Each structure stands twice: as C-alpha cells, then as structure tokens.
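First up is the structure itself, then whatever we jot down about it.
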Amino acid sequence: MHNAPPTPARAGARQWTGLAVLALPTLLASIDISVLNLAAPHVSADLDADGTQMLWIIDIYAFMIAGFLVTMGTLGDRIGRRRLLLVGGTAFGIASVLAAYSTSPEMLIAARALLGLAGATLMPSTLALISNMFVNPGERGMAIALWATVFSVGIALGPIVGGALLQSFWWGSVFLMAVPVMILLLALAPFLLPEFKDPGAGRIDLFSVLLSLAALLPFVYGLKEFARNGFSVMPLVAVLLGLAVGVAFVYRQRSLSSPLLDLSLFRSLPFSVLLCAMLLTMFVAGGTYLFVTQYMQLVVGQSPLGAGLWLLPGALLLIVTSMTAPVMASFVRPAYVVAAGLLVSGAGHAVLAFVDGSSSVTVAVVGFTLILGGGGPLIALGTDLVLSSAPDERAGSASALAETSTELGTALGIAVLGSIGAFVYRSSVLVPEDLPAPAADSARDSLAATAVAAEELPSGVATPLLETAQAAFTNAVTAIGGINAALSVVLALLILATLRHLPAMGAQEEAASEAAPAAAEQG
C-alpha cells in the first residue's frame, strides 16, 4: 500500500530571517547597477576616461559575473553554497575599496573586473540557498518573489542614494556602500543560513572555465571595436574567434561526465525560453539605463540627485508589478502575465524614441517608467519557473544559469546597444572645422568627453559645440528606443507562442493537492 506524498515542511522564523540576510547582496547588486550609471559623467571627468573606457568600466563587472556565474554555481554545489557566499562577500568588500580609490581608468576597469569575479559568487549562492531553505512550493515562490522585490527596491534606492552621495562626496563613495553591507552579511550568515552541497558533484573542469571566458570577451571586444572604428579585420577576427570558442565550449560540455554547464537542463522548452526571455529583457534594460541616465544629466541638465528622483517612478512601478505578478499568475496563465508586461515595456521604448533633446523630462520619464514597470512580471515569475524546472541537487547550476542570463543580458545590452548608440552619435555629431584638435577629438568620442572639453573653451565656441553633441546623443537615444521597442514585441510573441500551455499557478497547486488523495486511494 502506497502512502500519499508527504506535505513539504513549512519554513520557520530562522528561514524567513535568513531570507532577509540573503537579500543584502541582492540589494547591493541592484543598487550598484544604477549608481554607476549616474556616476559615469563624474568618473569620465575625474579619470579622463574616453567613451570606450567608460563602456568597459560600466560593463566589465557584468561580463565577469556572466563569465564566472556558471563556474561559481557549480563550485557552490561542490564546496558548499554558504561557504562560497562568505568567501565572495569578503572579496567583494575588498574589491569595492580598490574601485573607490582608483586613480586611472585602467585601475578602475581592473577593480571592477575583480568586483565581478567576487559578485559571481553571491547571486547563485543566494538563489540556491533559497531553494534549499524553502521546500514548500508556495513558500518558495513567495520567497523568490520577495527576493525579486528586493532587487526592485535596490533599483529604486540606487538613484536616490547614489545621487545623494554624488552631491556630497566624490564618485568613489558609491563603491564604499558595499563595505558595511558585506560586513553585516559576514556577521549574520554563519548563524542563520544552512550549508548545502551536492554529495555527488564531480571536479570542476578548469579548461571549460577558460573556454567560457575566451568565448565571451573576444566577441564583445570585436563588437566594441566595430562601433568605435568601423569595419576592420581585427574586430572581425575577434568576433569569429569568440563564436568558434563558444562552439568548442558547448562540445566539451557534451563530452564531460560532470560538465561545467549542464546542457541537459535545456531539454526543457520552458527552461530554455525563459532563460532567453530573461537575457533579452535585461539586454534592452541595460542599454536603456545607460543612455537615459546620461541623457537626463548631460542633455536635460539634471543633477545626479535630480536625475535619480526623476527615475524613481519607474523603479516604484517595477516594485508594484514584481509584487503583483505572482498574484495575477495564480489566476491567469504566466505566459499572458509576462507577455503583457513585455508589451508595456515595448510601449515605453517606443515613447523613448520620441525624446527631442529639450529641457522637458516628461517623455523620458514616461518612457522609462513603462520600461521598468513592464519588466516586473518576468523578474518575479521567471526565476521561480526556472528553479522549479530543475532538480534540487542542480539548483546551484540552474540558479547560476538564471543569473547568467540576466547579467549577460545586462552586459551585452550595455556593450551592443552602447556600441550602436556610440556609432549613431559619431555619425551624427557635427564638429566645427576650426575647433582645436583635442576638443574635436573629444567631441567625436562621446558627449561626456565633449562636456569636459567645453569647459576649457570660450562660450561662443563651447555653446554650439555642446548643442551639436547633445543633438547627436539624442539621436542615439531615439535609435536605441526604436530597436528595443521592436525587440520587446518580438519577445512577447515568443513567450506566448511557446509558454501559453503552462497553467495558472493556482491551477497547478490545486492539481497537486488533488493528486495526493488520489494516490492514497490507489495505494
């Protein structure tokens, strides 16, 4: 006689308090995304960084995270997820201090790379531990939704906190925020978080780690060089090399008994589509955030704090949609909830395509608010759906893949859309023929560099130079808005076409509760 499946144990006070501890690195990561974009003009001016260096400063962090997330997720399964979280927290605090006191663009890029390496240990450990601490499906869904909401809160707080810091202190203060947060994490985690490792895990294949980085970095370098200097042989070779190494990486994973990337997870169509959706959503969001924050400061003329306050409505709407999406998905199929959000984001990108470079912030704020608000359902529902489709012992790898898709999407959005925007800017800017050579080079490089160069020129020369640079940057913003609007619509249609068969989450729970008595009667 077979007994009914036991009801998963409910979480207690320790688990929910532990969730608050796990929220600390999540909050920090989301704040870090927004504050550095706000600080970009200040970093460019203080360190004399050109446009390409600024792109690397901003996105090397996300690329290092994306390059090492799968490795760290697998490493956490082997050595223990709590242990990896503590090691990563320590390294993140140290790297933050190095970034804060950087004295050159190259030093800041290196410090940001170390931050990304350390950050890669935090997010997969966080999500994997949540799946271990909350075994009840309903509570796990709520915990992940709260985790996603904390991420949204960080995006909301980032512009405010970052703007206030930049008003009162130097740009390095935005990195020092990490130090007290990491100290608190290190103090509380050993007492509140459980340890978990996969007893059957094999050794990490270091060659696969090298292959993953060798595929990503040359590919991105090639894209940046195409945008900076136009078509040439070396960028093309770099892109083709990255693609070839990527193929070799996939082939090697198929031949290993303990692969770095478990390709069997991709046999699930919902798993694969959701990862693609999360990557593309963050792709458009990452590129948009980079341009909107600079547009608000360098074209509209807002201060860092003022720009942060104007971006707050979008972050608040993101919090609302992240919290309400799980409730809506209890009654409506998740595909419809997510697709509706993506269409709202698409509408926001379309609005952003109509900015005109005037002193009015209305169009930019409305567009950005719709963009962020529409992404909430996918943030809240996508991660839970990804984790629930993987076995418990592979939770670290699944969560690492989920985080890899978002971080890689953000980094690719900044790199690819940033490069497209830079190309549009350089193609549009009109540099006066009688302008001194250093100022002309700055004007052709970026709007931030132009603003710095204009401070050294007479007003009769500086004013028209700034106006043409601002107009060129506005053209870049409108082009990015149009591209992202089309991508958002295509992504919504993809979600509907492939995931509309998934039932509402309330129907899933009802079916599971009915299955238990039926199994008992058959036994």
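Computed from a predicted model, the values in this text were never measured in an experiment.
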Interatomic spacing from [atom1] in [X] to [atom2] in [Y] - rounded to 0.5 Å:
| X | Y | atom1 | atom2 | answer |
| --- | --- | --- | --- | --- |
| Thr288 | Ile371 | OG1 | CD1 | 4.5 Å |
| Leu165 | Met177 | CG | CE | 6.0 Å |
| Leu108 | Glu106 | CG | CD | 10.0 Å |
| Leu378 | Leu342 | CG | CG | 6.0 Å |
| Met328 | Thr321 | CE | OG1 | 10.0 Å |
| Gln470 | Leu465 | CD | CG | 9.5 Å |

Are [X] and [Y] close enough that some pair of their side-chain heavy atoms sits under 4.5 Å apart?
| X | Y | result |
| --- | --- | --- |
| Leu240 | Leu236 | yes |
| Val300 | Tyr295 | yes |
| Leu381 | Val338 | yes |

Heavy atoms only: give me the nearest [X]-[Y] pair and the separation to one decimal.
| X | Y | answer |
| --- | --- | --- |
| Met296 | Trp310 | CE-CB, 3.5 Å |
| Ser173 | Trp170 | OG-O, 2.8 Å |
| Gly375 | Ser345 | N-OG, 3.4 Å |
| Phe92 | Ala178 | CE2-CB, 3.7 Å |
| Ala325 | Pro377 | CB-CA, 3.6 Å |
| Val351 | Val366 | CG1-CG1, 4.3 Å |

Practice problem: Consider only side-chain N and O atoms of Trp171 and Asp46, and report whether a donor and an acceptor are under 3.5 Å apart. | Solution: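 Short answer, yes.
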With distance as the sole test, does [X] use its side chain to make a donor-acceptor pair with the main-chain N or O of [Y] at under 3.5 Å?
| X | Y | result |
| --- | --- | --- |
| Thr281 | Met278 | no |
| Arg112 | Ile60 | no |
| Thr468 | Pro464 | no |
| Ser102 | Leu98 | yes |

Practice problem: Would you check, one step at a time, whether the test side-chain contact (heavy atoms from CB on, under 4.5 Å) holds for Val363 with Asp356? | Solution: CA-CA 9 Å; Val363 175; Asp356 58 5; over 6 Å; no
Quiz item: Does a sphere of radius 6.0 Å around CE in Met234 hold more than 12 heavy atoms from other residues, nucleotides or ligands, not counting ones at 6.0 Å or beyond?
Solution: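 No, the 6.0 Å shell around CE holds no more than 12 heavy atoms from other groups.
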Self-check item: With Ile480, the side-chain contact (heavy atoms from CB on, under 4.5 Å) member among Val424, Leu352, Leu417, Val292
Solution: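 Looking at Val424, Leu352, Leu417, Val292, the match for Ile480 under the side-chain contact (heavy atoms from CB on, under 4.5 Å) is Leu417.
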Practice problem: Have a look at Ser96 and tell me which of Val181, Leu114, Leu115, Leu176 forms a side-chain contact (heavy atoms from CB on, under 4.5 Å) with it. | Solution: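 With Ser96 as partner, Val181, Leu114, Leu115, Leu176 yield a single side-chain contact (heavy atoms from CB on, under 4.5 Å), made by Leu115.
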Practice problem: Mind telling me whether Phe473 and Tyr425 have parallel, tilted or perpendicular rings, with 30° and 60° as the class edges? | Solution: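 Answer is perpendicular, since the angle exceeds 60°.
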Report all side-chain donor-acceptor pairs from residues 487-499 shorter than 3.5 Å, counting only partners two or more places apart or in another chain.
unit_1	atom_1	unit_2	atom_2	d
Ser488	OG	Asn484	O	2.9
Thr498	OG1	Leu494	O	2.8

Self-check item: Criterion side-chain contact (heavy atoms from CB on, under 4.5 Å) on Val365 and Thr369, from CA distance to verdict
Solution: CA-CA 6 Å; Val365 171; Thr369 299; 4.0 Å; yes
Quiz item: Could you walk me through whether His349 and Leu370 pass the side-chain contact (heavy atoms from CB on, under 4.5 Å) check?
Solution: CA-CA 8 Å; His349 287 294; Leu370 292 175; over 6 Å; no
